[in-house]
Amino acid sequence: MSRKRISLRQELPLLVWLVVVWGALWRDFSPGNLLFGALIAVVVARLFYLPPVELGGRFNVLRAVPFALMFLAKVVVASFQVLYLAAAKGPKVVSAVIAVPLRSHSDLLVTATGHVTALIPGSLVVEVDRSTSTLYVHGINVRNADDAAQLRKDVRDTEAGLIRIMGTKAELSALNQEVGA
């Protein structure tokens with residue numbers, strides 16, 4: 001079974017990223033090292049199947065800045081909450097794994113949502129079901145159905161923010177219809 005040929009335009013961001021990672025790993029951004037890194041990147045991309053990252057073709061900086069500030073605020077608040085739970089309740093803290101179905105089926109948005117969620121203390125993505133775009137999130141201090149619903153809402157709000165920043169026009173339109181409904 002042969003794999004579908006990926007255009008250079010689609011593969012270029014991956015190749016550039018692999019070259020940057022190569023230079024960072026070697027701590028050497030000399031032209032010769034980067035050229036060798038580019039050669040390795042092309043070989044890796046041709047030999048191993050890496051699904052293409054489908055970009056939505058848009059990035060809204062005006063939405064990204066407030067999202068980043070909100071993310072930082074959530075990290076600070078969650079850090080103090082986890083500190084309090086660890087110091088005050090210790091092993092008595094109840095946690096749960098919650099299934100969170102996402103709106104988007106884009107690998108980029110599912111991955112970004114999972115990473116943003118996992119970077120907030122007290123939550124961790126334990127599994128991703130790519131076929132249904134469902135994140136399974138371990139949340140700390142989830143005591144009842146209301147806490148589970150709040151965790152699910154927080155993850156979906158994160159996804160909504162990412163859709164507003166870099167989702168496709170169709171995803172943004174569907175989100176706006178959902179919010180307006």
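Note that these values count all heavy atoms, side chains included, but never hydrogens, waters or copies made by symmetry.
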Within one Ile-Leu-Val-Met-Phe-Trp-Tyr cluster: [X] and [Y], side-chain cutoff 4.5 Å:
| X | Y | result |
| --- | --- | --- |
| Met166 | Val65 | yes |
| Val142 | Val100 | yes |
| Leu119 | Leu108 | yes |
| Phe67 | Ile120 | yes |
| Trp17 | Leu25 | yes |

Contact summary for [X] and [Y], nearest pair of heavy atoms:
| X | Y | answer |
| --- | --- | --- |
| Leu15 | Ala45 | CD2-CB, 3.8 Å |
| Leu109 | Ser104 | CD1-OG, 3.5 Å |
| Ala38 | Val19 | CA-CG2, 3.4 Å |
| Ile140 | Val93 | CG1-CG1, 3.5 Å |
| His138 | Ser95 | NE2-OG, 3.1 Å |
| Leu151 | Gly139 | CD2-CA, 3.8 Å |

For the [atom1] atom on [X], are there more than 12 heavy atoms of other groups (residues, nucleotides or ligands in this structure) within a distance under 6.0 Å?
| X | atom1 | value |
| --- | --- | --- |
| Phe29 | CZ | yes |
| Phe71 | CZ | yes |
| Phe59 | CZ | yes |

> Once you round to the nearest 0.5 Å, how far does CG of Leu175 lie from OG1 of Thr168?
Replying inline: 10.5 Å
> Taking atom CZ of Arg152 and atom CG of Asp154, what is their separation to the nearest 0.5 Å?
Replying inline: 11.0 Å
Could you check if a side-chain atom of [X] sits within less than 4.5 angstrom of a side-chain atom of [Y], using non-hydrogen atoms only?
| X | Y | value |
| --- | --- | --- |
| Thr158 | Lys74 | yes |
| His105 | Val110 | no |
| Val82 | Asn141 | no |

> Is any side-chain N of the basic residue among Arg103 and Glu171 closer than 4.0 Å to the acidic one's carboxylate O?
Replying inline: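 Result for this pair is no, no salt bridge flagged.
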>> Walk me through whether Asn60 and Arg164 qualify under side chain to side chain contact (heavy atoms under 4.5 Å, CB included).
In response: CA-CA 7 Å; Asn60 189 330; Arg164 289 183 182 101; over 6 Å; no
Looking at [X] and [Y], would you say the former's side chain and the latter's main chain have a donor-acceptor pair under 3.5 Å?
| X | Y | answer |
| --- | --- | --- |
| Asn33 | Asp28 | yes |
| Ser173 | Lys169 | no |
| Thr134 | Asp129 | no |

> Can Gln150 and Asp146 be counted as having a side-chain donor-acceptor contact under 3.5 angstrom?
Replying inline: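 There is no such pair between these side chains.
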